[in-house]
Engineer: 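Next up is a structure, given as structure tokens.
Below, read A as the first sequence line, B as the second, and so on, with proteins coming before strands; counting in each chain starts at 1. Being a predicted model, the structure only gives us computed values, none of them experimental.
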Amino acid sequence: MSSYNFTEIEQKWQKYWDENRTFKVTEDPSYPKEKRMYVLDMFPYPSGAGLHVGHPEGYTATDMYCRYLRMNGYNVLHPMGFDSFGLPAENYAIKTGTHPEKTTMENIENFRRQIKSLGFCYDWDREVSTHTSEYYRWTQWIFLQLYKKGLAYEAETPINWCPECKTGLANEEVKDGGCDRCGTPVTRKNLRQWMFQITEYGDSLLEGLNDINWTESVKAMQNNWIGRSEGANVVFKLENGQGQIEVYTTRPDTLFGATYMVLSPEHKLVDKITTQEFKDAVENYKTQAALKSDLERTDLAKGKTGVFTGAYAINPVNGDKIPVWISDYILISYGTGAIMAVPAHDERDWEFAKTFDLPIKQVVSEDGHIKELTEVYPAKDGVAVNSGKFDGMKTADVIPAIIKWLEEEGIGHKSVNYKLRDWVFSRQRYWGEPIPLVHCPSCGTVPVPESELPLELPEVTSYEPSGTGESPLANIDEWVNCSCPKCGGAAKRETNTMPQWAGSCWYYLRYIDPKNTESFCSKEKEEYWMPVGLYVGGAEHAVLHLLYARFWHHVLHDLGLVSTREPFHRLINQGMILGEGGIKMSKSLGNVINPDDVINEYGADSMRLYEMFMGPLEVTKPWATSGISGVFRFLNRVWNMANREVSEDEPTKEQLKSLHKTIKKLTNDTSKLEFNTGIAQMMIFVNENYGDEKVNRAIFEPFIKLLAPYAPHIAEEIWQILGHKDIIANEKWPTYVEEYTVDDEVTIVVQVNGKLRAKMQMPADITKEEMEKAAFDNENVKSHTDGKHIVKVVAVPGKLVNIVVK
RNA sequence: GCGAGCGUGGUGAAAUUGGUAGACACGCUAGACUUAGGAUCUAGUGCCUCGCGGUGUGAGGGUUCGAGUCCCUCCGCUCGCACCA
């Protein structure tokens, strides 16, 4: 008997699938809509480090699922590609002078080799890489569509700046005040930027969440990130006719309790209203605030700071004269950058008022009675007091009543705000898509004509970012200087590039029609496949990629370019794989597992099985090298069975039961992506049948089909050993006969007062009465019931008898 | 602080509608085969106890004939957001 030579087997079948284009897929109209499935993996950034064990986790899951679907008669689109623009290759270029394209192509080669070595059923003819000009031609084209729709605009605003990466960052790319990529504390910098008006789609992105089957946590994160709130804008006139301050509040019911106002230090009215007496103090405070990093400004532990401007405003509801302060706890980017402070009912205002000894006036109470407030009372379900004609009304009723009154008086209106900020879309770096716009002194900003796309990245001599806010492209005069597409006069190209997110915003559409030179994706093919039926990837993209891609897709939908509102119907996040001992895998700790090593030692099939056997797909779990030996032994046992003499006998009843229970379990678990329990059931099957001297064809062949999506190489080899000419990947998934799966005899449990006292083997179709009788006849049961009063007997057919005694 | 999720053996984990807690696997123990074993096979393995039995799913309470599962309170951990008015 030959031993299980996984290396030879795996190379043989990978070569076969590749050469025969086994997994090539076409838009075959004979498949009805419900038998088409688009299963998508988040494509990797091809880093120099190669694949780690976390990558193949999601890829293995989708591969098993796709192979299962194929065997169940589905036409399955399952592509792979590379998110190949990005900073590491560029940073490497700065260090060594190697062109990022060269490094990127080498890394892609390595990634492709590693991914293929796991035997995944991708249609490699659809592979895309975002850094190629035939791909980014369409990234640029889509950018222009958004631009023409008025969603891209140029702005000179303070943005998040990473001094290490020397580029601007979107809000979503700042984590704990640091750069998402390198952790360097983010500073503010005033820069000319291209922005996307994603806020315009706030409601659309929020509502869309209701229609998609995503994990609650990701939906919650997007929900929080968009951060919609409802309230009112209210206008406060300044005391001596100097103008007015508009504020946003979610609690217009507390308007009577506004005892002072606060402006953000950056608010444009600050200089205008500050009186001579307070000029120095205000200037000083503004300078201090500007010097602080975001992290320092938002540090909750630091306490409230601020200065009085000398100005007063008039509370429109009661005519009170209230002081106007500035403080850095008011953000210029949210609402109107100014607030009315209601210290009695807002924690932050309370703290500020206590610090500066400002008046506190209660306007909401628990029961309509005014009591001395010893702490802030922020409850939203109180009763109005000190509120003129609104006294006695419940908070929920006061809010709309006051808004109505404000609107009638023309001093306010209902309004909606979002935490979501517009998307800073330009990067001051080299290795990204050039933004296809031209700056003309007479025509202004002019888009590059679509016929001239792609606008290719020029060669540069230095990849070093200038650090002053211009990309290395700014130094290439012959590229920057161009003629205006509109008037033909001298003009300059936009030198900013797009962020890495651009390419991943639409790659799933390009897979559908990757070679199309006429459009980004043909309408017919798009309609054939979209939406993505299952999308699997890491949770780290919960608000970044997944929000941006949804935004682009919503816009493309509004432009009539795609047929679905939402791109990804179902989303699953695979859990992180930790190092041995439950600590994070990292290069510095030296506990990174390289899939190449695992495949060399145990083979790809074992690697695949172990990745899924570790636990449920979605949970974080530690890698254990010792654990892989379990699945490796299992495959060896399967191999040994396959090399036994084949029996053509009718299978026994026991064999049939073993098989059909296994088919039933695998059908259920594979379709629900519960691979860990599916693998356990296959192990049970082997344990049950391993003792047989010969292998029974009628039960072993269906079993190998069940194994095929999980361990495809060994399954193909065994299928061939069993005498088949066709490959198992194209076989039909077995079906089970319910009748065979049911046991004739079941174990009936007897409890006395809920405690287990006996087990009885009885026919499965036994009646309640027979069960009860047998229970009372049982010696051990008798010893627990003798001399006691029987209160109640509960009998569940096929399960248990519970006798309640006193 | 807010939002989401999770707490089960020495370890990774199982457990349809509430119905034998710990499937499957790792590890461990004993035995078999072997020149050898980090190979293979067999048996055992939640904890306490010689045993009978008791006890056991983060803690406490509740509902129920019966709770890992449902309800309440609390504790701990992970992730995300965090002065968003």
Engineer: Please work out if A/K759 contacts a base, only the sugar-phosphate, or nothing of the nucleic acid, heavy-atom cut-off 4.0 Å.
Structural biologist: base

Engineer: What's A/T747 touching, base or sugar-phosphate or nothing? Going by heavy atoms closer than 4.0 Å.
Structural biologist: base

Engineer: So, is A/K792 close to the B/C65 phosphate, meaning a side-chain N or O under 4.0 Å from OP1 or OP2?
Structural biologist: yes

Engineer: Could you state the atom-to-atom distance from CG of A/L800 to P of B/C65 in whole Å?
Structural biologist: 14 Å

Engineer: Between the base of B/C81 and the side chain of A/N224, is one N or O donor paired with an acceptor at under 3.5 angstrom?
Structural biologist: no

Engineer: Is the glycosidic torsion of B/G9 within 90° of 0, making it syn, or is it anti?
Structural biologist: syn

Engineer: Out of B/A14, B/A85, B/G19, which nucleotide sits closest to the side chain of A/T249?
Structural biologist: B/A85

Engineer: Just to be sure I understand the rule, does A/K755 reach a base, reach only the sugar-phosphate, or reach nothing, if contact means heavy atoms closer than 4.0 Å?
Structural biologist: sugar-phosphate

Engineer: A/F613 side chain: which of B/G19, B/C24, B/A85 is closest?
Structural biologist: B/C24

Engineer: Where the side chain of A/R757 is concerned, which of B/C65, B/C83, B/G53 is the nearest nucleotide?
Structural biologist: B/G53

Engineer: Ignoring hydrogens and geometry beyond distance, is a side-chain donor-acceptor pair present between A/D381 and A/T395 at under 3.5 Å?
Structural biologist: no

Engineer: Do you see a donor-acceptor pair shorter than 3.5 Å between the side chains of A/T336 and A/E246?
Structural biologist: no

Engineer: Can you measure A/R228 atom CZ to B/A85 atom P for me and round it to whole angstrom units?
Structural biologist: 12 Å

Engineer: Assign A/S229 to base, sugar-phosphate, or nothing according to its heavy-atom contacts below 4.0 angstrom with the strands shown.
Structural biologist: sugar-phosphate

Engineer: By the 4.0 Å heavy-atom rule, please label A/N668 as base, sugar-phosphate, or nothing.
Structural biologist: nothing

Engineer: Using only heavy-atom distances, determine whether the side chains of A/E375 and A/W350 contain a donor-acceptor pair under 3.5 Å.
Structural biologist: no

Engineer: Taking atom C1' of B/U40 as reference, at what distance in whole Å does atom OH of A/Y4 sit?
Structural biologist: 17 Å

Engineer: Taking the nucleotide of RNA chain B with the nearest heavy atom to each, does A/V631 or A/V804 sit closer to the 5' end?
Structural biologist: A/V631

Engineer: Side chain of A/D328, heavy atoms from C-beta onward: which of B/G5, B/C83, B/C24 has the nearest atom to it?
Structural biologist: B/C83

Engineer: Whether A/E230 and A/R228 form a salt bridge (side-chain N of Lys/Arg under 4.0 Å from carboxylate O of Asp/Glu) is what I want to check.
Structural biologist: yes

Engineer: Quick one: closest heavy-atom pair of A/G579 and A/N591, and the distance?
Structural biologist: CA-ND2, 4.0 Å

Engineer: So which nucleotide does B/U57 pair with, by the Watson-Crick or G-U wobble rule with both distances under 3.5 Å?
Structural biologist: none

Engineer: Can you tell me the distance, in whole Å, between the OH atom of A/Y610 and the C1' atom of B/U11?
Structural biologist: 10 Å

Engineer: Can you list the steps and then say if A/K661 with A/D743 is a salt bridge (charged side-chain N to carboxylate O under 4.0 Å, His left out)?
Structural biologist: CA-CA 10 Å; A/K661 276 189 169 178; A/D743 295 301; 3.1 Å; yes

Engineer: Does a distance-only test, which skips hydrogens and angles, find a donor-acceptor pair under 3.5 Å between the side chain of A/K419 and the base of B/C81?
Structural biologist: no

Engineer: Which part of the nucleic acid does A/I628 contact within heavy-atom distance under 4.0 Å: base, sugar-phosphate only, or nothing?
Structural biologist: nothing

Engineer: Distance check needed: B/G80 P versus A/L209 CG, whole Å only.
Structural biologist: 19 Å

Engineer: Round to the nearest Å and state the distance from A/L331 atom CG to B/C81 atom P.
Structural biologist: 16 Å

Engineer: Whole Å only: how far is the CD atom of A/E611 from the P atom of B/A25?
Structural biologist: 20 Å

Engineer: RNA chain B: A/R421 or A/E216, which has the more 5' nearest nucleotide?
Structural biologist: A/E216

Engineer: Can you find a side chain N or O atom of A/R251 that sits less than 4.0 Å from OP1 or OP2 on B/A85?
Structural biologist: no

Engineer: Please check: side-chain N/O of A/H345 versus main-chain N/O of A/V363, any donor-acceptor pairing under 3.5 Å?
Structural biologist: yes

Engineer: Return the nucleotide paired to B/G3: Watson-Crick means purine N1 to pyrimidine N3 with N6-O4 or O6-N4, wobble means G-U with N1-O2 and O6-N3, both under 3.5 Å.
Structural biologist: B/C79

Engineer: My understanding is that a pair needs two contacts under 3.5 Å, Watson-Crick or G-U wobble. By that rule, which nucleotide pairs with B/G37?
Structural biologist: none

Engineer: Within the structure shown, what part of the strands sits under 4.0 Å from A/V796 by heavy-atom distance: base, sugar-phosphate, or nothing?
Structural biologist: base

Engineer: Rounded to the nearest Å, what distance is computed from the CD atom of residue A/Q222 to the P atom of nucleotide B/C81?
Structural biologist: 13 Å

